[in-house]
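Atoms within each ligand, like the ligands themselves, are counted from 1 in listed order.
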Amino acid sequence: MSSPVRHYVGGEFDASGDPFPLVDPVHGRTVGQVPSAPAELVDRAVRAAREALRGPWGSWSPADRSRALHRIADGIERRFEEFVAAECADTGKPRELASTVDIPRAVANFRAYGDLLAARSEQAWHTETADGRGALNYTVRKPLGVVAVISPWNLPLLLLTWKVAPALAMGNTVVAKPSELTPATACLLAEVTAEAGLPAGVFNLVHGPGANAAGQWLTEHPGVDAIAFTGESGTGSTIMRAAAARLAPVSFELGGKNAGLVFADADLEQAVAGTVRSAFTHSGQVCLCTERLYVERSVFAEFAARLGDEARRLSGYGPMISAAHRDKVLGHLSKAAADGEVLAGGGAPRFGDDRDGGFWVEPTVLTGLAEDHPAVREEIFGPVVHLAPFDTEEEAIALANSGPYGLAATVWTGDVGRAHRVAPALDVGVAWVNTWNLRDLRTPFGGVKASGIGREGGDHSLDFFSEPMNVCVKL
Ligand SMILES: NC(=O)c1ccc[n+]([C@@H]2O[C@H](COP(=O)([O-])OP(=O)(O)OC[C@H]3O[C@@H](n4cnc5c(N)ncnc54)[C@H](O)[C@@H]3O)[C@@H](O)[C@H]2O)c1
Ligand SMILES: O=C/C=C/C=C(\O)C(=O)O
């Protein structure tokens, strides 16, 4: 990466802590070192955040904060190419993806919450009283305080800013810990928050792994008032135990095993193209990706053949984030190949160049596995989708709703009545009909079952990151 990875605590950059290697997923080479924040630095970050609440930041108006969020958005836009290069270097994702999704969405996250905050109103009621003079009840919203934000490696800046923006909007201070695998854009964000004039200690950044390191020490810190986390469901359980000790509120965006339904009345060309996006975007390393697709039997063979052709033709995709993740995905594929049928892909591509040292997996289409097979039940988080047929609408819904997760789903149908019957019947947080990952940032976003706790997006985030208080004045 271009500039060195540093923590940002109390307005100062700091590189203290034992270094660990930063690896380029495209070629599998160590390209830098990342300092792992010692417990003392995590403690210092939480204290700086607490101190900042008592400083000038604590008296900034919502309009002040709204303007600050827009200045941060301006700063990311000014350094757009730097952010794109850093995100691509850390994740290996194609530039086309980082420059049209990741970085623009980070800008949009700050602008959306800056605008929502400026337009937000609170509730008030005129209450009748026996003496006829009445009372006025109104809501006052206060920040939660010091918020820990812990984010994953797949959409590093998008998912970090999706929490930081609303947390700052509501007047909190933040200690952020990005994934140890993708620290670069978080460092640039720290620089931009300073350039935007955020007082020291309002935004703090510590690097390092999770367990027995910065992540764990942050979530267990008694000075942290709330935790916003995106990552694996198992990690969520661990963090929830830490929060339970303090009854700290949590907002969790967790794992998924997203289903798609293709009905015979769908526009098959649209459904195939849509599934190529929903299964293979960022090589399946997006929590919303489709990993299991159920296709009405009468069009199953045609759909499977066409999707397999598209998967074989795919190029310009990126690698898995790490050797360990690549091995996990390939492990699933080899077991699936032994137990079912591989229609496309199934292994690691050979490029015959220096990418062969990287962590690549072919876009893969599977079929023929039982519903309780690990490849159909467990989150793989790679470029893999399993196809199975169904006969009735009821069966399709039951198949989609099976399993421990409930994050997202896609429904491909040309029947408007079916669209409005089936989508709401799916036990997920978001269902897309004849599209995928079309996002309106005001809508509720999150998962049910093992896919999350709470919702992000629009007022859902602003409500999570604030405490409502009722004031009643006798007139
Ligand atoms: N629901 C969503 O919106 C969403 C979005 C993106 C990714 N995800 C999920 O995230 C996972 C992939 O990301 P990942 O591999 O980075 O997840 P992960 O849970 O391994 O790590 C996520 C973050 O948590 C930290 N962490 C790990 N153990 C911790 C602990 N014990 N205490 C505190 N922090 C800890 C990590 O350092 C990292 O910053 C997938 O399961 C994917 O589905 C969900
Ligand atoms: O990898 C998961 C993607 C999550 C996306 C969002 O949180 C979003 O689009 O707001």
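- In this structure, atom 6 (C) of ligand 2 lies nearest to the protein heavy atom F445 CZ, 3.5 Å.
- Seen from the ring of W162, R105 counts as a face-on cation partner, given the 6.0 Å and 45° thresholds.
- Side chains of N109 and T161: a donor on one and an acceptor on the other come within 3.5 Å.
- In terms of modelled atom types and a separation under 3.5 Å, the side chain of N258 and the main chain of C287 share a donor-acceptor contact.
- Nearest non-hydrogen protein atom to atom 2 (C) of ligand 2 is C287 SG, 2.2 Å.
- In terms of N/O distances under 3.5 Å, ligand 1 is not approached by T230.
- With respect to E81 and R79, no salt bridge is recorded, no charged nitrogen being found less than 4.0 Å from a carboxylate O.
- Counted by atom type alone, R355 and H27 present zero donor-acceptor pairs between their side chains at under 3.5 Å.
- Heavy atoms of S151 come nearer than 4.0 angstrom to ligand 1 in at least one pair.
- Residue T235 touches ligand 1 through its side chain alone, judged by heavy-atom distances below 4.0 Å.
- Residue contacts with ligand 1, taken as heavy atom pairs separated by less than 4.0 Å, involve L407 solely via side-chain atoms from C-beta onward.
- The N/O atoms of E232, backbone and side chain alike, include one that comes under 3.5 Å of an N/O atom in ligand 1.
- Between R439 and ligand 2, at least one pair of N/O atoms sits closer than 3.5 Å.
- Taking the six-membered ring wherever Trp is involved, the centroid distance between the rings of F252 and F229 falls below 6.0 Å.
- Looking at atom 15 (O) of ligand 1, its nearest protein heavy atom turns out to be W153 NE1, 2.7 Å.
- A donor atom on one side chain and an acceptor atom on the other are found under 3.5 Å apart for E87 and T185.
- Residue N154 approaches ligand 1 through these ligand atoms, each under 4.0 Å from one of its heavy atoms: 6 (C), 7 (C).
- Using a 4.0 angstrom heavy-atom cutoff, R105 counts as in contact with ligand 2.
- Remark: ligand 2 and N154 share an N or O pair separated by less than 3.5 Å (distance only, no angle test).
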